[in-house]
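What follows is a single structure, written as structure tokens, with notes after it.
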Amino acid sequence: MSQVRLSDIQQARQAMRTSGEPFWEALRQLVPLRNGELLAAVGGALKMPTLSMRDMQALTPQFDLVPYAEALQRQCMAFRNTEGRLIPVIGTPFDARSIQWAEARLPAAGVWHLAEPADIVAYLSGYEETQRALDGVLSQGAEAGAQGSNAEVISLASIAEDTSQTVKAVNSTLYDALKSGASDIHLETTPAGLTVKYRIDGVLCHVGQIAGLDLAEQVISRLKVMSELDIAERRIPQDGRFKVAVNNREIDFRVSIMPSLFGEDAVLRVLDKQSLADQMKSLRLETLGFDETAVELMRKLAQEPYGMLLVTGPTGSGKSTTLYAAISEINNGQDKIITIEDPVEYMLPGVLQIPVNEKKGLTFARGLRSILRHDPDKILVGEIRDAETAQIAVQAALTGHLVFTTVHANSVFDVIGRFAHMGVDTYSFVSALNGILAQRLVRKVCEHCAEPYQPDAQLIIDSGLDPDKVGEFHFRLGRGCGYCRGTGYKGRKALAEILRFNDTLREMVISRAPVSQLKDAARKAGMRSLRDVAVLAVRNGQTTLQEINRVTFVS
């Protein structure tokens with residue numbers, strides 16, 4: 001087969017610039033190859049992976065990222081493969097305007113793929129009728145869904161058209177929070193008005209001030225109306241929820257209203273179920289940021305035939321996400337998997353998920369008893385809060401079930417004392433226990449503005465390190481940019497402390513050995529502490545000393 005030389009590509013590119021002749025037509029005149037052969041030859045010359053029509057038909061188009069009309073006009077598309085990875089495709093590799101436009105729409109895209117424009121047009125033609133009909137169905141469905149669920153539609157256009165200052169303030173706050181990727185919105189009443197903060201990557205960020213106590217009171221009242229709460233009651237806490245529709249997707253907000261010194265404060269928890277569902281498609285342990293050693297050990301614990309795997313850590317440390325990732329990996333359709341949660345936030349296909357409803361008497365303990373009569377193989381208990389649930393979970397693990405659960409404790413060793421405090425028999429507990437995972441989330445240095453830096457000697461000493469032994473550390477710090485909102489951090493990674501139980505550790509726990517001896521035995525068995533894992537992340541330039549000092553104890 002003839003090869004395409006770079007000089008041929010440059011000549012065709014020049015013809016495209018001067019005469020406006022399409023790149024591929026000009027190239028065919030120079031290199032007489034058939035379509036498939038020409039595409040492969042150009043891809044090889046430019047070192048770009050290629051996609052044929054058959055390849056594209058095996059992928060899922062992402063018209064929410066690159067709309068149908070834009071894809072047809074610019075001859076570029078976005079696909080996802082079966083693993084959920086984004087695959088951007090371009091028809092003309094030297095169309096600077098289309099590439100610049102596409103890169104702005106797909107900032108986190110991977111390697112660009114090359115396809116013949118004729119194949120892209122043919123692919124889109126096959127989708128034309130169904131896609132345009134589907135657009136109409138989706139828009140009607142979104143409107144009907146919004147009307148049926150009382151979800152208010154929020155967009156930049158609707159915000160601009162709002163005549164009420166209160167409605168504009170509330171909708172702008174919600175819209176900006178969603179665009180920023182915030183997990184929580186904090187509205188704090190002060191003598192000057194209302195302070196707005198977003199929790200992004202686990203840290204509160206001050207984003208603005210709504211001036212005036214009158215307007216602050218009206219904003220809180222507006223949230224109460226949306227959440228169907230009592231606007232006249234200002235002396236006791238209130239909890240509620242509401243929905244809004246943004247970009248044809250419904251977003252849930254859980255609202256907590258609390259009386260304060262100057263009025264009332266509100267905290268809104270953001271729950272984007274569609275985004276969570278999209279994440280679940282590609283959710284695996286390695287995508288959470290754990291290192292390879294931790295991932296390998298967690299997979300071994302998750303694949304045990306029976307026993308208990310406990311995950312511990314503070315609120316918001318990613319415990320549930322870790323267990324969901326583990327269950328997603330072992331969910332092969334051959335086992336009955338049942339979960340009981342409060343609430344069910346992730347939807348797992350092929351898994352029976354039961355929401356706790358304490359008002360109706362469905363507690364963790366009662367639900368778990370019923371689950372055991374439903375012939376399960378693997379069980380996830382959202383959280384162990386009381387002695388009864390703990391007892392049933394341990395018995396389930398001892399009777400041939402694999403139990404995944406979480407409990408609040410500071411470290412893997414604190415979990416043992418927690419179960420003892422709840423009155424669980426120590427022998428039964430350690431017999432059932434396969435392993436304990438303690439985890440934390442740390443912010444990662446923003447890759448767009450990261451630069452090498454050398455922390456001062458005092459910070460190194462305060463972090464428990466020897467200044468003379470950090471020569472091999474790859475210290476990095478984000479200087480702050482638009483991608484990270486000036487914080488220098490973008491995204492988070494998980495740190496794991498994993499204790500896998502063996503006979504030696506079980507005997508030591510049963511004989512009530514001191515914690516110091518347990519720690520020594522665990523280290524000899526290969527356990528790395530949270531602090532050790534955190535320092536390793538700093539050494540590799542993934543995060544900073546300031547960040548690991550924020551979430552882990554200095555040993």
Side-chain angles (χ1 to χ4, degrees), residues 139 142-276 316 343 345 485:
S139 61
E143 293 173 3
Q147 293 173 0
S149 63
N150 297 321
E152 181 173 352
V153 178
I154 297 179
S155 65
L156 287 175
S158 67
I159 292 172
E161 294 171 358
D162 284 332
T163 56
S164 168
Q165 188 178 8
T166 303
V167 174
K168 188 185 291 284
V170 171
N171 290 354
S172 297
T173 300
L174 300 180
Y175 187 86
D176 289 346
L178 294 173
K179 289 297 181 183
S180 301
S183 61
D184 301 85
I185 304 170
H186 290 242
L187 303 175
E188 302 172 356
T189 304
T190 67
L194 203 63
T195 299
V196 181
K197 298 178 181 178
Y198 296 158
R199 187 176 295 279
I200 301 174
D201 290 337
V203 177
L204 281 179
C205 304
H206 183 277
V207 295
Q209 183 86 18
I210 299 176
L213 277 175
D214 289 342
L215 182 56
E217 183 178 315
Q218 292 167 14
V219 166
I220 298 296
S221 295
R222 166 70 177 166
L223 291 172
K224 287 183 176 180
V225 170
M226 296 173 70
S227 308
E228 300 182 352
L229 301 178
D230 185 358
I231 62 172
E233 181 56 73
R234 301 179 183 176
R235 297 165 296 178
I236 60 174
Q238 297 188 66
D239 297 318
R241 61 175 55 199
F242 66 88
K243 295 181 179 181
V244 300
V246 179
N247 295 330
N248 288 336
R249 60 197 295 168
E250 284 193 354
I251 313 294
D252 287 349
F253 290 87
R254 291 192 207 132
V255 182
S256 172
I257 307 291
M258 193 73 66
S260 67
L261 188 61
F262 302 104
E264 291 177 294
D265 287 10
V267 173
L268 286 66
R269 182 73 184 269
V270 183
L271 182 58
D272 185 350
K273 291 186 177 180
Q274 183 173 335
S275 175
L276 293 174
E345 294 188 3
R485 300 175 61 89

Which atom pair, heavy atoms only, marks the closest approach of [X] to [Y]?
X	Y	result
K197	H206	CG-CA, 4.1 Å
L213	F262	CD2-O, 4.1 Å
E233	R235	OE2-N, 2.9 Å
A216	L194	CB-CB, 3.8 Å

Of all residues at least two apart in sequence or in a different chain, which pass the side chain to side chain contact (heavy atoms under 4.5 Å, CB included) check with [X]?
X	result
R234	E217, K224, E264
A211	none
V207	V196, Y198, R485
A266	L187, I220, L223, I257, L268

Does the E250 side chain pair with the main chain of D252, one donor and one acceptor, at a distance under 3.5 Å? no
Practice item. Please check if the side chain of D265 supplies one atom and the backbone of T189 the other of a donor-acceptor pair under 3.5 Å. Key: yes
For I231, does the CD1 atom sit with more than 12 other heavy atoms under 6.0 Å from it, leaving out its own atoms? no
#### Entry: Q165, CD atom: more than 12 neighbouring heavy atoms under 6.0 Å
no
Residues passing the side chain to side chain donor-acceptor pair (under 3.5 Å) test with T166, sequence neighbours excluded, are Q218
The residue among V267, L178, L174 that forms side chain to side chain contact (heavy atoms under 4.5 Å, CB included) with I185 is L174
[X] vs [Y] side-chain heavy atoms within contact, under 4.5 Å:
X	Y	value
S183	R199	yes
Q209	T190	yes
M226	V170	yes

Separation between CZ (R222) and OG (S227), nearest 0.5 Å, reads 10.0 Å
Rounding to 0.5 Å, atoms CE (M258) and CD1 (I236) come to a distance of 11.0 Å
Quick note, salt bridge (Lys or Arg N to Asp or Glu O under 4.0 Å) partners involving residues 207-216, not counting sequence neighbours, are none
